[in-house]
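Worksheet: the structure to be examined is printed underneath.
Not measured: the values here are computed from a predicted model. Computation of the quantities below employed the complete heavy-atom set of this structure, encompassing side-chain atoms and omitting hydrogens, waters and symmetry-equivalent molecules.
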Amino acid sequence: MMRRLEKFNWGWASLPFLLLCWVLVASRFPSYILPQPWEVMAEAQRWIADGSLLKHLKASLLEEAGGFALATLVALLLGTTAGLFRRFRDFISPLNSLFMAIPPVAWAPLTMIIFGLGYWSIVMVIFIAAVFPMAITMQEGIQSIRNGEVRAARTLGATPLQMIVHVYMPASLPFFTAALRIGFSQAWRALVAAEMIGASKGIGWMVSMGGQVGNTNQVLLGIVIIGLIAWLMESLVFKRLEKHYQTWRAH
């Protein structure tokens with residue numbers, strides 16, 4: 001019995017525990033203030049039936065994909081360059097501190113003035129939110145490589161390509177995965193906040209509009225979807241990436 005308990009993944013118990021707490025707390029309030037989980041499920045069925053949920057989910061995922069992909073590419077360039085070259089690292093360090101100190105949602109009004117309401121304004125908010133935390137993490141990955149390993153590879157006659165494949169990539173992969181996790185988290189939060197301020201569709205818009213009309217079922221539905229997507233990305237993407245690079249490094 002004790003061995004079974006030791007092997008049991010207690011992470012699977014957290015969601016049922018959260019649902020139980022929700023039921024118990026919601027039982028103390030009227031449903032129009034804090035509905036029960038099954039009432040939110042009924043709301044979800046209505047949104048699914050008329051196709052609204054798919055429309056808003058698709059809009060949010062497309063915006064997230066665009067902003068996150070752009071941030072990843074730029075962060076990879078900035079982080080690698082800063083990790084390899086001290087002068088560039090000194091140059092970009094104040095910019096990292098400056099942009100990371102400003103809440104991403106503060107950029108939303110400016111991006112909406114420049115790009116107008118819609119896709120690109122939200123993509124730019126996501127980009128600003130994610131690019132600098134990712135760049136710093138990738139920079140730390142490059143800097144974590146010991147000089148002895150680099151000198152040894154060069155002494156053995158490694159080409160630049162071999163240096164990248166056999167020295168830099170294996171050592172920096174954990175940091176790259178961490179950067180993706182951090183970047184997605186920052187991007188997802190920025191997406192929801194930007195949609196709540198100036199969008200006509202999306203999961204953030206669902207939450208905002210639900211709050212304005214007093215529809216707590218809609219508000220909680222949006223919150224649940226936001227959390228579930230983040231959890232799915234963590235479980236199905238980032239953890240698998242970690243296992244993959246650990247296997248790859250072992251070889």
Exercise. Please work out which of the three classes, parallel, tilted or perpendicular, describes the rings of W188 and F184, given edges at 30° and 60°.
Key: parallel
Exercise. State whether the side chain of S208 and the backbone N or O of G204 hold a donor-acceptor pair below 3.5 Å, judged by distance alone.
Key: no
Quiz item: Under 3.5 Å, side chain of T137 to main-chain N/O of A178, donor-acceptor pair present?
Solution: no
Exercise. Without swapping roles, check the side chain of S185 against the backbone of R181 for a donor-acceptor pair under 3.5 Å.
Key: no
Exercise. Could you tell me whether the side chain of F175 reaches within less than 4.5 Å of the side chain of Q139, counting heavy atoms only?
Key: no
Practice problem: Give the minimum heavy-atom separation between A179 and M134, together with the two atoms involved. | Solution: O-CG, 3.3 Å
Exercise. Determine, for D50 against R46, whether the closest basic-nitrogen to carboxylate-oxygen distance falls under 4.0 angstrom.
Key: no
Quiz prompt | side chain to side chain contact (heavy atoms under 4.5 Å, CB included) between I122 and L191, intermediate numbers included | solution = CA-CA 7 Å; I122 295 175; L191 163 73; 3.7 Å; yes
Quiz item: So how far is it from L70 CG to I128 CD1, rounded to the nearest 0.5 Å?
Solution: 10.0 Å
Practice problem: Would you name the heavy atoms of A71 and A130 that are closest together and state the gap between them? | Solution: CB-CB, 3.8 Å
Quiz item: Side chains of L57 and I229: closer than 4.5 Å at any heavy-atom pair?
Solution: yes
Practice problem: Check step by step if side chain to side chain contact (heavy atoms under 4.5 Å, CB included) holds for L53 and I225. | Solution: CA-CA 10 Å; L53 185 59; I225 292 172; 3.3 Å; yes
Quiz item: Other hydrophobic cluster members with L54, side-chain heavy atoms of Ile/Leu/Val/Met/Phe/Trp/Tyr under 4.5 Å, chained?
Solution: none
Quiz item: How far does CG of L34 sit from CG of L220, to the nearest 0.5 angstrom?
Solution: 6.5 Å
Exercise. Any chance you could lay out the ring-ring contact (aromatic ring centres under 6.0 Å, His included) test for F127 and W107, step after step, and finish with the verdict?
Key: CA-CA 11 Å; F127 168 77; W107 295 99; over 10 Å; no
Quiz item: Do you know the tightest heavy-atom contact between P104 and V125?
Solution: O-CG1, 3.7 Å
Quiz item: Quick one: does L15's side chain get under 4.5 Å of W231's, heavy atoms only?
Solution: yes
Exercise. Would you give the length of the straight line joining atom OG of S200 to atom CG of L117, rounded to the nearest 0.5 angstrom?
Key: 7.5 Å
Self-check item: Transitive ILVMFWY side-chain link I226 to L19, under 4.5 Å
Solution: yes
Quiz item: Are I136 and M100 side-chain neighbours, meaning at least one heavy-atom pair lies under 4.5 Å?
Solution: yes
Quiz item: L180, L73: one ILVMFWY side-chain cluster at the under-4.5 Å cut-off?
Solution: no
Quiz item: Does a side-chain heavy-atom distance below 4.5 Å link E64 with V123?
Solution: no
Self-check item: Note, L221 side chain near M206 side chain (heavy atom, < 4.5 Å)
Solution: yes
Quiz prompt | Min side-chain heavy-atom separation I33-T216 under 4.5 Å | solution = no
Quiz item: Hey, does M41 have a side-chain heavy atom less than 4.5 Å from the side chain of P37?
Solution: no
Quiz item: Which atoms form the tightest heavy-atom contact between V105 and P109, and what is the distance?
Solution: O-CD, 3.6 Å
Quiz prompt | ILVMFWY network linking V40 to M209, side-chain heavy atoms under 4.5 angstrom | solution = yes
Quiz item: Got a donor-acceptor contact below 3.5 angstrom from the S121 side chain to the G118 backbone?
Solution: yes
Exercise. Please list all pairs passing the side chain to side chain donor-acceptor pair (under 3.5 Å) test where one or both residues lie in residues 17-42, with sequence neighbours left out.
Key: none
Practice problem: Measure the spacing between CG of L77 and CE of M138 and express it to the nearest 0.5 Å. | Solution: 10.5 Å
Quiz prompt | hydrophobic_cluster_shared for L228 and M233, side chain cutoff 4.5 Å | solution = yes
Self-check item: Worked check of side chain to side chain contact (heavy atoms under 4.5 Å, CB included) between L76 and F176
Solution: CA-CA 9 Å; L76 183 60; F176 181 75; 4.2 Å; yes
Quiz item: If Ile, Leu, Val, Met, Phe, Trp and Tyr residues are connected whenever their side-chain heavy atoms lie under 4.5 Å apart, and connections chain through other members, are M112 and W205 in the same group?
Solution: no
Practice problem: Take E195 and S60 through the side-chain hydrogen bond (donor to acceptor under 3.5 Å, both in side chains) test and state the conclusion after the steps. | Solution: CA-CA 8 Å; E195 286 183 339; S60 291; 2.9 Å; yes
Exercise. Please report the shortest heavy-atom distance between M196 and V207, naming the atom on each side.
Key: CE-CG1, 4.1 Å
Exercise. Compare every heavy atom of G83 with every heavy atom of I142, then report the nearest pair and how far apart it is.
Key: CG2-C, 3.6 Å
Quiz prompt | Rounded distance [0.5 Å steps], CG in L61 versus CZ in F68 | solution = 13.0 Å
